[in-house]
**Student:** 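One structure follows; several queries about it will come next.
Note that ligands are numbered from 1 as they come in the structure, with each ligand's atoms numbered from 1 the same way. These numbers come from the heavy atoms of this one structure, side chains and all, not from hydrogens, waters or symmetry mates. The structure displayed is predicted, hence computed values, not measured ones.
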Amino acid sequence: MIAFQKISSRHSIIAMARSALITLIAGAFCVSQTASSRAQSTSVPIVRDAEIEALVTDYATPIIKTAGLSKRAISIVLVNNRSFNAFVDGRRIFINTGALLQAETPNEIIGVLAHETGHLAGGHQFKLREQLANAKTMAVVAGLLGMGAMVAGAASRQGGLAQAGAGVAMGGNEVAMRSLLSYQRTEEMAADRSAVTYLASTGQSAKGMLTTFERFSNALSLTGARADPYRISHPLPRERIANLETLAHASPYFDKKDSPALQQRHDLMRGKIAAYTGGGASVQQTFRKDPQNIGARYGDAIATYLNGSSQSAMSKLDALIKEQPKNPYFQEIKGEILLKQNKAGEAAKAFQTASALDPRKSGLIRMSYGRALMLTGTPANLKESIDIIKASIGRDRESPSGYAYLAQAYGQLGDMPRSDLASAEEKYYSGKIQEAQIFATRAQRGLKSGTPEWIQAQDIISTKRNSK
Ligand SMILES: [Zn+2]
């Protein structure tokens, strides 16, 4: 499941990227309509999805590790944008859904991540990476990322969400933002060299990286002005491609292919992204060469569900579950469909199964489980849902939706101080500090002074309005 969620913020950093419209996706590509119409607010399209995050983490982990940068667990920030872009800050990897959709093999994405890691290890763009790494809330990250998204919009003039940013970026910040993200030619060559080294030491081919960069390079010569943001920030002169070609071919792993299992996960991911971003037509287009691919059938099931045909979607999904009974994400989609059919109890069971099957214990799946339990409305389930949602927040601290569900569950149980405290956290992580403080102040009145929850409320009250 993928959820769209808009976060808005008035943080000072975000003010730099004022009024760009970007959307935040969370959970199961579900859209939550909380967009603020305030002119000064900013939101960025971030996709949250357990399946995609797990896959991209698996792509990145060996690379980050071999580069000596794996001090802590990496998190993946998926940006809902059709264009090709990727960026690494050390703690997080930002990658556009468009890049994941365009790449036909895992190796193409792994190559780009290796190149980005090369920039990171080389200390390139240190200031921006440092800002991103220090950003404590997703709202701030969203703002920083918004600059990139606007560069994308301005550069490519493509449709979709990027376009909303395009007009704004034309206002004068465009050049500044472009220079913020663009690398020097020497840095590009250095990042390529590092990337090839990382790929070789993890036993992987650099062919995918070459494929991606060659595609950019060719597209540029064919269409002239139409440019992807990645190409603008990572210049690709012919000389660089030639260099990379020599380096890539020198590796003993040049002809090594991704494992069939990894390719299948990649196909499933592409099917899902195609369904959520472009519906059935996009699924067909993505798999035109291989319409019976499991990714095509998965995408078709999801597109059918999104189209409102829950019953038909369910039978398509059941066929997939029969093929892969241990796939947690099939169970997760099943839960989504059941929720749509107002079968909260059955949905809770599907999410519970998904969570039990999920090797990563994603906070997102647990959050859906807790939410479905809450929606059953029985007092026992409400209490249990609170524990589960809290556990999911423990794994995914910066998720505004987790706190929103928690507020709802406490509210249904009549525990208003804790409901207010959860709302305060939700507003805080959405970047709405002033609203967060109003809720926190109200929560404190009902909480015992000095208790951990009272202190939690106090922390929000003491936050300076424009600090991160
Ligand atoms: Zn680069």
**Student:** With respect to the Zn ion (ligand 1), what is the nearest N, O or S atom of E188?
**Tutor:**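 So the atom name we want here is OE1.
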**Student:** Is E53 paired with R360 through a side-chain N to carboxylate O contact shorter than 4.0 Å?
**Tutor:**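 No.
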**Student:** Report yes or no: does H124 have an N/O/S atom closer than 2.8 Å to the Zn ion (ligand 1)?
**Tutor:**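 Short answer: no, not a single N, O or S atom is under the cut-off.
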**Student:** Within the 3.5 Å criterion, strictly below it, is a donor on Q456 or E425 matched to an acceptor on the partner's side chain?
**Tutor:**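 Yes, a side-chain donor-acceptor pair sits under 3.5 Å.
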**Student:** Which of the N/O/S atoms in H115 sits closest to the Zn ion (ligand 1)?
**Tutor:**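 Within H115, restricted to N, O or S, the Zn ion (ligand 1) is closest to atom NE2.
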**Student:** Within a reach of under 6.0 Å around OH of Y253, are more than 12 heavy atoms found that belong to other residues, nucleotides or ligands?
**Tutor:**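 No.
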**Student:** Test side chain to side chain donor-acceptor pair (under 3.5 Å) on N243 and E239 and set out the steps.
**Tutor:** CA-CA 6 Å; N243 245 330; E239 173 204 4; 4.9 Å; no
**Student:** Looking at H119, which of its N, O or S atoms is the nearest one to the Zn ion (ligand 1)?
**Tutor:**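 Of the nitrogen, oxygen and sulfur atoms in H119, the Zn ion (ligand 1) lies nearest to NE2.
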